[in-house]
Trainee: 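One structure follows; several queries about it will come next.
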Amino acid sequence: MERQTTEYKSLQKIRTGDKGFRDLSVTCVAFANAQGGRIFLGYEDKTGRPLPGQEIPVAEVNDAVTKLRSLCFNVALNASEVLQDETGSQYFIVTVFPALHAVASTSDGRFYMRVGDKCEPVRSEDILRLAAEKHAFQWELECTRQVRLADVREDALSAFARKIRESDRVSAHIKQMSDGEIAENYNLVDGEYLTYLGILWLGNAAQRSRIAYPITVQYIVYDAQERKIRKRDWHDNLLNPAELLLDIEREAVELTYSYEFPDGLFRKQIYHYQPKVVRELLLNAFAHKSFAISGDIMIEVYPDRLEISNPGGLPLGVTKDNILHQRQRRNPHFIRIMHDLKLMEGEGSGYDLIYELNARDAKKMPIVESDFNYTKVTQYSEITDKKIIPLLDYVLSNYQLSQKDIIALGLVAQHGKILSTEMTRQLQLQETDRMRSYVERLLKNGILITRGIKKGTEFLLNPQLITNAKLNIKTSLKTIEPHSLEALIKEDLRLHPHSKIKEINGRLPDVEIRDIRKLVYAMVRKGLLEKEGSKTDRTYTLS
């Protein structure tokens, strides 16, 4: 139930003294340092509903708000009237407004930030960054008091409103609004003036050029020697974000190239960069862009990879190691418009889709780099292993798989086998237990099998799957059983005594060196092998 801007709390938080209020003050501060939020007071954790017959005196609501205000600095909040659910049980809502120009803190000097559905403490080294990002987080809603709604072309507003009404992602209530009410609903106007967000969508080139800073883009193509062979830029501010996105996609012909594979009587086409992946990466660059920093969004196309970078680091709380699951966004109102216009997936689901599409096409997952000033995402075009494409097609056409299933299947197929610890790292999970939602159905349906226990558990494709698919896939030693690998090592050392592990691996290239090393050490302990020499020059011989 809890989300980036919503929290549900029991009434016991305000009925158990200072501790409960201090916990609530942390939530208020975290909301204020992000995009604001609402706290539903009166909801129980176990049931997710108010207690039957629950009553809340108005005086208790007023006292709670007064107490919370005394425990927070730079936090603006108010409370609703006492509300009732369908059973008549009462609750109320505390609305916390974003701190537009100051950093919010608790009364004892602690700082927090809302990240996903959690309130995370801000480390001392991040406080200056949080202060610097305040303007970036609230940029959309700022108003220059220079451009009135009446100053924009009438057809710009009517076109925007028409596209909103045509979308099946927009509620009937919004579709019935007037053009001006739709602009207000999407935070394009503040009274009679356009916000920065409104100027982006409704303004003309001259109006956009006066705000700090509109979306500008460079598209550069390089050859194998990394020499520029084509360049196109969008610095004229003629287009709104949706028009700009579509124009970039039209111009970026190098991103539409594809591979072809035989598929029975037909040929299968796999794009170097799946169009939906390209769009999601572009939209993430728009969404992560800090409009408070001057700089272009850079789209750089190399023979083997695509690099997209944008001004501004990832939002505070989001890193390259948790971007798959975190839902923190710098420009939420901008994202809402792009979503409602059906230009992007739901908020926070973009990287899930990118991972799924890469898994389907046996591509590497994107590599994210970020610091305070920029964020760069690299997507490689190469198919990691062409022979697994028919196998993936077979599984996807014969089993009903979820997005998580497809991501996990793609990772295992690309690696041949993968340790549970490595799978956890690749899926950006904090706990191995959470991986169950990715692999449980695949194991149940016999698509994957496991080998080993606990942290040594390995996930492999079920060999029976290859048999059922009737595919002529070349046999690999990568997934060889330990007892068979032991026999191979013995035979290798019989022919090549006094060999180093690296030399054994060179003669068994399909086998991972860590598997050979692990088994050689075990064979030494069992007395099957003898070792000679120092650690750096150690050789092995049959006993």
Side-chain angles (χ1 to χ4, degrees), residues 305 318-326 351-370 377-380 382-389 391-392 395 401-463 465-466 473 476-482 484-486 501-502 504-505 508-522:
R305 68 191 186 278
V318 180
T319 70
K320 62 183 180 62
D321 298 318
N322 67 15
I323 196 170
L324 183 59
H325 305 290
Q326 287 296 350
Y351 269 87
D352 293 338
L353 178 63
I354 292 169
Y355 269 54
E356 177 195 348
L357 294 172
N358 281 334
R360 286 177 178 271
D361 290 345
K363 301 281 188 70
K364 292 179 181 178
M365 301 307 170
I367 299 170
V368 180
E369 302 172 53
S370 181
V377 181
T378 302
Q379 176 65 61
Y380 284 89
E382 179 188 12
I383 296 172
T384 57
D385 189 349
K386 295 177 182 179
K387 69 176 181 289
I388 67 174
I389 295 293
L391 182 61
L392 289 172
V395 175
L401 301 182
S402 68
Q403 187 178 67
K404 288 184 176 181
D405 297 335
I406 294 169
I407 293 171
L409 172 64
L411 287 174
V412 176
Q414 289 180 46
H415 287 81
K417 67 177 179 181
I418 186 170
L419 278 169
S420 61
T421 50
E422 176 62 15
M423 176 85 93
T424 299
R425 188 188 69 80
Q426 296 254 5
L427 295 174
Q428 301 182 357
L429 301 173
Q430 298 301 313
E431 300 171 5
T432 306
D433 287 346
R434 293 179 59 191
M435 192 169 58
R436 188 177 298 117
S437 62
Y438 283 87
V439 299
E440 190 170 41
R441 197 197 318 251
L442 297 173
L443 294 170
K444 183 178 179 180
N445 289 331
I447 298 170
L448 298 184
I449 59 173
T450 60
R451 198 162 67 191
I453 59 173
K454 296 184 178 179
K455 290 187 176 182
T457 300
E458 294 176 326
F459 294 96
L460 305 87
L461 289 172
N462 191 341
L465 196 68
I466 300 173
I473 295 178
S476 169
L477 296 179
K478 194 168 188 178
T479 57
I480 190 171
E481 291 283 349
S484 300
L485 179 57
E486 181 177 308
I501 289 177
K502 187 176 181 180
I504 299 172
N505 182 233
L508 302 174
D510 285 351
V511 185
E512 292 185 14
I513 191 168
R514 70 180 184 192
D515 292 336
I516 294 176
R517 185 180 292 114
K518 179 180 176 181
L519 199 53
V520 166
Y521 292 167

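Source: prediction; values computed, not measured. Starting from 1, each residue takes its place in the sequence as its number.
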Trainee: Measure the shortest side-chain to side-chain distance between S420 and T450 over non-hydrogen atoms and say whether it is less than 4.5 angstrom.
Mentor: no
Trainee: Of all the heavy-atom pairs spanning P366 and N358, show the shortest one and how long it is.
Mentor: CD-ND2, 3.5 Å
Trainee: Pick out which of V439, I447, I418, I388 makes a side chain to side chain contact (heavy atoms under 4.5 Å, CB included) with V412.
Mentor: I418
Trainee: What are the two closest non-hydrogen atoms of A362 and D385, and how far apart are they?
Mentor: CB-O, 4.3 Å
Trainee: Find the distance between CD1 (I513) and NZ (K502) and round it off to the nearest 0.5 Å.
Mentor: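 If I round to the nearest 0.5 Å, the distance is 7.5 Å.
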Trainee: With heavy-atom distances below 4.5 Å as the criterion, would you say the side chains of P482 and R451 are in contact?
Mentor: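 SC-SC contact between P482 and R451 confirmed.
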Trainee: Got a second to check how far L401's CG is from E356's CD, nearest 0.5 Å?
Mentor: 10.0 Å
Trainee: What's the spacing between H415 NE2 and Q426 CD if we round to 0.5 Å?
Mentor: 4.5 Å
Trainee: Rounded to the nearest 0.5 Å, how far does CG of L519 lie from CG of L485?
Mentor: 5.0 Å
Trainee: Quick one: pull up CD in Q403 and CZ in R360 and give me the separation to the nearest 0.5 Å.
Mentor: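 Result: 9.0 Å between the selected atoms.
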Trainee: For the residue pair I367 and R305, establish whether any side-chain heavy-atom pair is separated by less than 4.5 Å.
Mentor: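 I367 does not reach R305 side chain to side chain.
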Trainee: Would you say that more than 12 heavy atoms from the other residues, nucleotides or ligands in this model lie under 6.0 Å from the CD of E440, or not?
Mentor: no
Trainee: Exactly one of L429, L411, T424, L409 should register a side chain to side chain contact (heavy atoms under 4.5 Å, CB included) with Y438. Which one does?
Mentor: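 For Y438, the side chain to side chain contact (heavy atoms under 4.5 Å, CB included) check succeeds only for L429.
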Trainee: If we only count heavy atoms from C-beta on, is the L442 to F459 side-chain gap below 4.5 Å?
Mentor: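 No, their side chains stay 4.5 Å or more apart.
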Trainee: Does some side-chain heavy atom of L460 sit less than 4.5 Å from a side-chain heavy atom of L448?
Mentor: no
Trainee: State the CD-NZ distance between Q379 and K363, to the nearest 0.5 angstrom.
Mentor: 6.5 Å
Trainee: To check you understand the geometry: which heavy-atom pair defines the closest contact between D405 and S437, and what is its length?
Mentor: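 Taking every non-hydrogen atom into account, OD1-O, 4.2 Å.
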Trainee: At their closest point, which heavy atom of A359 faces which heavy atom of G410, and how far apart are they?
Mentor: CB-CA, 3.8 Å
Trainee: Could you check if a side-chain atom of Q428 sits within less than 4.5 angstrom of a side-chain atom of I323, using non-hydrogen atoms only?
Mentor: yes
Trainee: Would you say the side chain of M435 lies within less than 4.5 Å of the side chain of T457, judging by non-hydrogen atoms?
Mentor: no
Trainee: For the backbone of E512 and the side chain of N505, can you confirm whether one donor and one acceptor N or O come within less than 3.5 Å of each other?
Mentor: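 Not confirmed, N505 side chain does not pair with E512 backbone.
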